[in-house]
Number of protein chains: 2
Amino acid sequence: MSVTIKDIAKILNVSYATVSKALSDRDDISEEMKAKVRKVAEELNYKPNYIARGLVKKETKTIGLIIPDITNPFYSEIAMAIEETVNKEGYSVFLCNSNWKNSNENDYINLLTSKKVDGIIIAPIGEESLNLESVDIPIVIVGTKKSYNNQNYVVIDDEKGGYIAVKHLIKQNCKKIMFVGGKQNVQSNKQRLEGYKRALIESNYEINEQYIRSGNFKQESGYLIMKKVFNDGIIPDGVFAGNDLLALGVMRSALDFGLKIPDDIKIVGFDDIPFASLPEISLTTILQPKYKMGEHAANMLLSKIKNPEINCENIILKPKLIKRKTG
Amino acid sequence: MSVTIKDIAKILNVSYATVSKALSDRDDISEEMKAKVRKVAEELNYKPNYIARGLVKKETKTIGLIIPDITNPFYSEIAMAIEETVNKEGYSVFLCNSNWKNSNENDYINLLTSKKVDGIIIAPIGEESLNLESVDIPIVIVGTKKSYNNQNYVVIDDEKGGYIAVKHLIKQNCKKIMFVGGKQNVQSNKQRLEGYKRALIESNYEINEQYIRSGNFKQESGYLIMKKVFNDGIIPDGVFAGNDLLALGVMRSALDFGLKIPDDIKIVGFDDIPFASLPEISLTTILQPKYKMGEHAANMLLSKIKNPEINCENIILKPKLIKRKTG
DNA sequence: ATAATTAACTTAAACGTTTAAGTAAAAGAT
DNA sequence: ATCTTTTACTTAAACGTTTAAGTTAATTAT
């Protein structure tokens, strides 16, 4: 079908070892021979078969990226950073959407090991049942510092982020502060909730379980949660949302209910996705350096691939409050 | 290193052909043998090597996806649709960001052919120099109907979308209607501009080259273009933006300049990305059925992979005006 | 002039599968 | 009782590379 090293060898009447070595510029091949080989390769439009190469070299120059949802700006920016970073070193990335389902995460891990990727970066949804024990390829976790089989991770300090957010609301004189989170079992979500609680306790606020709600990390979820809250007759004056998407939903719901932001209710999100900075939104939020996170994760993985023996330091990036108009 | 079919064969004292066939449930292997093989495979935690399989079967169950920017909600939703659709059939997808650079597109195409993908879906940035002639794997183009070597495509009718958008502005009584586009050489952008012109001509408006601007498809670009426009003393009462990101930039610039939307200036975008529907944004726009486009493209590619001989019909989806508050 | 070295190849095995073709024993047909 | 068919395997080649080890001829050293 497609042209191989053997075709080139046949034309030049040399062994295919010669062709292989000529193409990879080894120094036991004469310059004339290299020139001849390159010329024929060019003429035949030869493209090396990396599958065959992968089989003998036992590396595919490919990594897997497992994320919950590429449609979420937080993950798409991380994905972008990872792809750009590893591509510079000649690696490709398999995009895998777990769709917030742990079973998909495990399925993808099996698939990726069968496809012989050189490493995996995963942003776990956070369930216990993520199984990394039997995986013998380098792995980097991004977005949660929950320990999965002692793998290295790149995160921001979620607890501190939650703490900063809620401290800010308290300083703005909010009295009834809600937490509208994503999936309960997601580690980063738990950590943000911990920060929420610590801030409240530190300021002698009461922890009211009525004020702690969870859904998933989508806009619609924030909208529905708050709709229900308002219908239940609860009207908070401050909301710390588990991410910006949720915060947007919360905003929409609050506006629908007739509340003024930030006069009646202040809202702080988490992530700082691109749209948060739009003047029409102007969402006060906790910045995650998403691109940096992806870059760090990618570089960490590459280093693990190249030097499996040396072990890396985990990376914990600092969250930062971005004050805008919603709180 | 990792356990192979040979390890299983050695333990059971059978040939590795037997093991291979037992695992793929072929009918010339007895049920007892299959059971034994499966048991040992399980015990050893055997994972098939798809690289080796790929070499002999000449299929990798992998496709490549080349898009300009995964961070752009338009592309991330298409990517999501594609990944989900092909994953159901056991295919994985290589994510490739061309970053709006044609040279990257061509580099990725070479890389993907070397990685022996079974097919490629590409959302071309639209330059002539995209070279698909020598590629002998199935290809589907998404997002532009510009003909690249007669490959099949999935698009929406961009010209009609532009036409509808501008007709709408005219009906809203706009007199000075601008077009703020993305990269000039991008085919879909050109088409939208064509629609803009047709609508104007049809209504006896003059085509003013001063009113036609282009940048790239990012928010910042729309912002900067309009800033310059306002500084030049041009104050349009209607803007058709080449995509929603640009429209958002235009909005921001107009607000900065002190204009009221939609009273002083009406704005229509293109794409209908998720954020366009936020009440705070409420952008009037032309809907592209992004998920559907991705799904169609994926299914078309799968069908081409399975039946290379039968040729598909191109798919042209209809654009639709979504009227919101900006115009 | 001969031995040692170097340059430029070739040979052949390996990577982990799949599969067409072959084989021997058991089962069924006449 | 013999021939045919079926069952359940095994053999061996193939997929397209890479690479360690081997070979031969040319070059350099003594």
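In what follows, every chain begins at residue 1, and chains take the letters A, B, ... in the order their sequences are listed.
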Selection from D/dC15, D/dT10, C/dC15 that lies nearest to any side-chain heavy atom of B/Val14: D/dT10

Could you work out which one of D/dA20, C/dT19, C/dT17 sits closest to the side chain of B/Ala17? C/dT19

No-hydrogen, no-angle side-chain donor-acceptor test under 3.5 Å, A/Glu105 and A/Asn102: yes

Measure from CG on B/Asp25 to P on D/dA8 and round the result to the nearest Å. 13 Å

Taking every heavy atom of B/Tyr153 against every heavy atom of B/Ile316, the minimum-distance pair comes out as CE1-CG1, 4.1 Å

Along DNA chain C (nearest heavy atom to each residue), the more 5'-positioned of B/Lys57 and A/Tyr16: A/Tyr16

Find the distance B/Glu32:CD to C/dA26:C1' and express it as a whole number of Å. 14 Å

Rounded to whole angstrom units, what separation is found between the NZ atom of A/Lys116 and the C1' atom of C/dT17? 12 Å

From CZ of A/Arg53 over to C1' of C/dT17, roughly how many Å is that when rounded to an integer? 20 Å

Under 3.5 Å, is there a donor on one side chain and an acceptor on the other for A/Lys145 and A/Asn314? no

side-chain N/O B/Ser20 vs C/dT18 OP1/OP2, d < 4.0 Å: yes

Interatomic distance where CD1 belongs to A/Ile8 and C1' belongs to D/dT17 [whole Å]: 12 Å

Main chain of A/Glu59, side chain of A/Asp118: is a donor-acceptor contact present, judged purely on distance under 3.5 Å? no

Assign B/Asp28 to base, sugar-phosphate, or nothing according to its heavy-atom contacts below 4.0 angstrom with the strands shown. base

Among the candidates C/dC9, D/dT17, C/dT17, find the nucleotide nearest to the side-chain atoms of B/Lys6. C/dT17

Distance check needed: D/dA20 C1' versus A/Asp27 CG, whole Å only. 15 Å

Atom NZ of B/Lys47 to atom P of C/dT17: distance rounded to whole Å? 13 Å

Report yes if at least one side-chain N or O of B/Tyr50 is closer than 4.0 Å to OP1 or OP2 of C/dT18; otherwise report no. no

Between A/Lys183 and A/Asn189, is any side-chain donor less than 3.5 angstrom from a side-chain acceptor? no

Ignoring backbone atoms, test whether A/Ser30 places a side-chain nitrogen or oxygen under 4.0 Å from the OP1 or OP2 oxygen of C/dA8. no

Measuring to OP1 and OP2 of C/dT19, would you say a side-chain N or O of B/Arg26 lies under 4.0 angstrom away? yes

Given atom CD of B/Glu31 and atom P of D/dC9, what is their separation to the nearest angstrom? 11 Å

Please pick, from D/dC15, C/dT19, D/dT17, the nucleotide with the shortest atom-to-atom distance to any side-chain atom of B/Lys21. C/dT19

With a cut-off of less than 4.0 Å, is there a side-chain N or O of A/Lys58 near OP1 or OP2 of C/dG16? yes

For C/dT17, take OP1 and OP2 only and decide whether either is under 4.0 Å from a side-chain N or O of B/Tyr46. yes

Report yes or no: do A/Thr60 and A/Lys115 form a side-chain donor-acceptor pair below 3.5 Å? no

Would one find a side-chain N or O of A/Ser15 under 4.0 angstrom from OP1 or OP2 of C/dC9? no

Would you indicate what A/Thr4 reaches in the nucleic acid, counting non-hydrogen atoms under 4.0 angstrom: base, sugar-phosphate, or nothing? sugar-phosphate

Let me spell it out: for each of B/Asn13 and A/Ala52, pick the nucleotide of DNA chain D with the closest heavy atom. Which residue's pick is nearer the 5' end? B/Asn13

